[in-house]
Amino acid sequence: MNTRIGLGLDFHRLVPARRLVLGGVDIAFERGLLGHSDADVLSHAIGDALLGAAGLGDLGKHFPDDDPRYQGVSSLELLAQIRLLLAQQEYRIANIDATLVAERPKLAEYFPQMRENIAQALEISPAQLNLKATRPEGLGSLGRSEGIAAQAIALLSHEAK
């Protein structure tokens with residue numbers, strides 16, 4: 001068996017009149033993330049980590065932001081499509097570790113539902129997914145609550161033939 005690791009990183013700006021969706025969970029907040037899809041920065045980072053580990057490019061390659069099919073789409077749906085791409089290449093997800101970077105809102109209370117949503121989209125156990133959050137302590141644009149970032153690392157296994 002061989003293993004491959006991938007890293008995903010995503011940032012989105014917080015703007016008025018948008019829903020804040022992270023890990024497929026609607027979070028009550030005065031602003032939401034700007035993007036072509038639902039702008040779920042956590043799901044995007046995880047998707048990029050999975051695609052990178054498999055050597056399949058990135059989200060933009062598979063789900064371009066100028067394609068109307070992806071306007072407002074749930075990023076959990078994108079993760080489900082990535083799961084199918086991995087299955088076609090005979091990859092299995094071993095584990096995912098992800099970190100959200102946000103000054104506000106506080107996110108830990110939403111982690112159980114985020115884990116369930118993402119695990120369901122990827123058809124893995126929630127135990128294979130670890131989520132954390134950190135605050136930038138007022139530093140930079142993230143520290144001024146102008147956006148939210150996420151980073152994820154994924155380990156895939158592949159059965160050698």
Side-chain angles (χ1 to χ4, degrees), residues 4-15 18-29 31-89 91-134 142 145-156:
R4 294 180 57 119
I5 194 165
L7 178 67
L9 178 64
D10 198 32
F11 299 83
H12 283 271
R13 178 180 303 275
L14 283 162
V15 296
R18 286 276 300 195
R19 294 170 37 225
L20 178 56
V21 179
L22 296 169
V25 176
D26 276 296
I27 296 172
F29 195 60
R31 292 172 291 151
L33 295 170
L34 181 63
H36 184 68
S37 66
D38 63 3
D40 182 339
V41 69
L42 175 60
S43 295
H44 291 182
I46 290 171
D48 267 342
L50 293 167
L51 290 167
L56 296 173
D58 63 12
L59 283 178
K61 174 182 175 183
H62 296 276
F63 314 106
D65 64 6
D66 59 357
D67 188 330
R69 291 179 297 168
Y70 305 116
Q71 178 72 42
V73 70
S74 167
S75 295
L76 293 177
E77 175 56 34
L78 303 182
L79 288 179
Q81 291 183 42
I82 290 167
R83 176 185 46 79
L84 295 174
L85 291 171
L86 296 176
Q88 289 171 0
Q89 301 294 316
Y91 284 110
R92 290 195 174 98
I93 299 168
N95 75 298
I96 299 166
D97 186 36
T99 304
L100 283 157
V101 182
E103 193 68 35
R104 345 181 343 252
K106 293 193 179 219
L107 299 169
E109 70 182 272
Y110 301 102
F111 285 174
Q113 187 60 56
M114 290 178 190
R115 287 177 69 218
E116 286 293 328
N117 293 347
I118 294 166
Q120 183 176 6
L122 294 173
E123 295 186 1
I124 62 173
S125 165
Q128 292 172 267
L129 173 63
N130 186 60
L131 298 178
K132 329 180 267 301
T134 190
L142 295 176
S145 297
E146 294 174 11
I148 295 177
Q151 183 173 26
I153 191 163
L155 180 66
L156 301 181

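Throughout, numbering of the chain's residues begins at 1 and tracks the sequence.
Met114 is listed as a side-chain neighbour of Ile27, based on a closest heavy-atom distance under 4.5 Å.
Evaluation of the side-chain hydrogen bond (donor to acceptor under 3.5 Å, both in side chains) rule for Asn95 yields no partner, not counting sequence neighbours. With sequence neighbours excluded, the residues forming a side-chain contact (heavy atoms from CB on, under 4.5 Å) with Asn130 are Asp97, Lys132, listed by chain and number. With sequence neighbours left out, the side-chain contact (heavy atoms from CB on, under 4.5 Å) criterion links Asp67 to Pro64, Arg69, Tyr70. Not counting sequence neighbours, the partners of Ala54 by the side-chain contact (heavy atoms from CB on, under 4.5 Å) test are Leu56, Leu86, Tyr91, Leu156. Listed by chain and number, the residues in a side-chain contact (heavy atoms from CB on, under 4.5 Å) with Ala39 are His12, Arg18, Leu33 (sequence neighbours excluded). Residues satisfying the salt bridge (charged side-chain N to carboxylate O under 4.0 Å, His left out) criterion with Arg104, sequence neighbours excluded, are Glu30. Residues forming a side-chain hydrogen bond (donor to acceptor under 3.5 Å, both in side chains) with Ser75 (at least two apart in sequence, or on another chain): Asp38, His44. Here Glu116 pairs with nothing under the salt bridge (charged side-chain N to carboxylate O under 4.0 Å, His left out) rule; sequence neighbours left out. Applying the side-chain hydrogen bond (donor to acceptor under 3.5 Å, both in side chains) test to Glu103 and every residue at least two apart in sequence or in another chain returns Arg135. With sequence neighbours left out, the side-chain hydrogen bond (donor to acceptor under 3.5 Å, both in side chains) criterion links Asp26 to Arg19.
Annotation for Gln120: atom CD does not count as buried by contact number, only 12 or fewer foreign heavy atoms lying within 6.0 Å.
For the atom pair Leu122 CG and Leu50 CG, the distance stands at 6.0 Å (nearest 0.5 Å). Expressed to the nearest 0.5 Å, how far CZ of Arg92 lies from CG of Leu155 amounts to 13.5 Å.
Summarising the geometry of Ala53 relative to Gly6, their closest heavy-atom pair is CB-N, 3.4 Å, with the distance given to 0.1 Å. Of all non-hydrogen atoms in Asp65 and His36, the two that sit nearest each other are O-ND1, 3.1 Å. Residues Ile96 and Ala154 come closest through the heavy atom pair CG1-CB, 4.1 Å. Of all heavy-atom pairs spanning Ala28 and Tyr110, the tightest one is N-OH, 4.3 Å.
Listed by first then second residue, pairs satisfying side-chain hydrogen bond (donor to acceptor under 3.5 Å, both in side chains) with a partner in residues 45-61 number zero, not counting sequence neighbours.
Checking side-chain atoms of Gln151 against main-chain N and O of Leu9 turns up no donor-acceptor pair under 3.5 Å.
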Show me the donor-acceptor pairs within less than 3.5 Å that the side chains of residues 76-83 make with the rest of the protein, sequence neighbours left out.
| from | atom 1 | to | atom 2 | distance (Å) |
| --- | --- | --- | --- | --- |
| Glu77 | OE2 | Gln81 | NE2 | 3.2 |
| Arg83 | NE | Ala121 | O | 3.1 |

*Check the pair Leu129 / Ile93 against side-chain contact (heavy atoms from CB on, under 4.5 Å), numbers first and verdict last.*
CA-CA 10 Å; Leu129 173 63; Ile93 299 168; over 6 Å; no
